[in-house]
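Below is one structure, written out as structure tokens; the observations come after it.
Whatever order the structure lists them in is the order used to number ligands and atoms, beginning at 1.
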Amino acid sequence: MTGTALAAAPRPTGTAASLGRALRTRRPLVCGVLNVTPDSFSDGGRFRSFDRALERGLTLAAEGADLIDVGGESTRPGARPPTLAEELDRVVPVVEALAGRVAVPLSVDTSRPEVMGAAVAAGAGMVNDVRALQRPGALAAAAELGVPVCLMHMQRSPETMQEDPRYRDVVGEVRAFLAGRLRDCLEAGIPPEHLLVDPGFGFGKTLAHNLALLRSLDALTGLGVPVMVGLSRKSLLGQLTGRGVADRLPGSLAAAAVAVQRGATVLRVHDVAATRDVLAVLDAVGSVT
Ligand code: 9MG
């Protein structure tokens, strides 16, 4: 895609339909990460967390996010899963407040059908599920809600995923898993234009697995739906650079550039403005596929 085509492509506004249209242009989109978990806003207090999350969401929108992904479950290795009530309590008020204040579509990062339903009712226009709609009731709920869905690959669960992950052929196995989930979603009545896939960098993968997936991202773009990637600040970048999580911006931007050049359509990132600059440069030289 050229600079002119990028400039002409529609920027998504707040609805699921407009998000679906933006995804079909395959112009790379920047999805800002908005974690509403105790470890992301650790200065205490439920109301303080809400204020901080709202402020962060407004900042992501002002920096040029095409989409904001709001999540109430920490998927860090070993993290304690929230109860349903905790997750609803964290996510729904933030989605509701942001939906009334920003024109950017909101995605809800959850595996629970109850949270999907409540978040969409509160204004979310997409579901991002790190468990690829495998929880009981999740597939039917997503089909019923009629919004785009991102299906991510993960080996095992967040509690155990980084304990010696093994594959015979990581690219082939991740591709086969996502192809199977796409088939199940289509059978459940989710239209193809509402589906995205994600290899799940860092979710039950060693550094070698992550690098193999990044090198072979075209194996996933071959599935025929947009590919979303989350590489921003991840530990694989720490392994490559020796940097702590606060100092991984250069690594994150390099990884984002590689992913776009290999066909990624949605970049899930913490640093929206800097990622937009990367896309502007890639686009100017015709390096956006
Ligand atoms: C919620 N979440 C954390 N990391 C992620 C990633 O890499 N992809 C997607 N889709 N979601 C993620």
Query raised in the report: So does Arg101 have more than 12 non-hydrogen atoms from other groups sitting under 6.0 Å from CZ?
Result: no
Query raised in the report: With a cut-off of 6.0 Å (strictly less than), are more than 12 heavy atoms of other residues, nucleotides or ligands near CZ of Arg135?
Result: yes
Could you tell me the residue and atom name of the protein heavy atom closest to [atom], and the distance to it rounded to 0.1 Å?
| atom | result |
| --- | --- |
| atom 7 (O) of ligand 1 | Lys234 NZ, 2.6 Å |
| atom 3 (C) of ligand 1 | Arg268 NH1, 3.3 Å |
| atom 11 (N) of ligand 1 | Asn128 ND2, 3.1 Å |

Report task. Please could you name the atoms of ligand 1 that Phe203 approaches to less than 4.0 Å, counting only its heavy atoms? Result -> 3 (C), 4 (N), 5 (C)
Report summary line: Here the atoms of ligand 1 under 4.0 Å from any heavy atom belonging to Met228 are 10 (N)
Query raised in the report: Is there a side-chain contact between His194 and Leu23, using heavy atoms and a 4.5 Å cut-off?
Result: no
Query raised in the report: Should Leu223 and Arg175 count as side-chain neighbours, where that means a heavy-atom distance under 4.5 Å?
Result: yes
Report task. Have a look at His209 and tell me which of Phe203, Phe201, Tyr167 forms a ring pair (Phe, Tyr, Trp, His ring centres under 6.0 Å) with it. Result -> Tyr167
Query raised in the report: Hey, looking at atom 1 (C) of ligand 1, which of Val266, Asp198, Asp129, Asp109 has the closest heavy atom?
Result: Asp109
Requested in this report: Consider every N or O of Thr75 and every N or O of ligand 1, then say whether any pair is closer than 3.5 Å.
Outcome: no
Query raised in the report: Is Asp69 in polar range of ligand 1, meaning some N or O pair under 3.5 Å apart?
Result: no
Report task. Specify side chain, backbone, both or neither for Val130, according to which of its non-hydrogen atoms lie closer than 4.0 Å to ligand 1. Result -> side chain
Requested in this report: Classify the side-chain pair Thr37/Glu73 by whether it contains a donor and acceptor separated by less than 3.5 Å.
Outcome: no
Query raised in the report: So, are Asp66 and Arg27 salt-bridged, with charged N and O less than 4.0 Å apart?
Result: yes
Query raised in the report: Does Glu73 have a non-hydrogen atom less than 4.0 Å from ligand 1?
Result: no
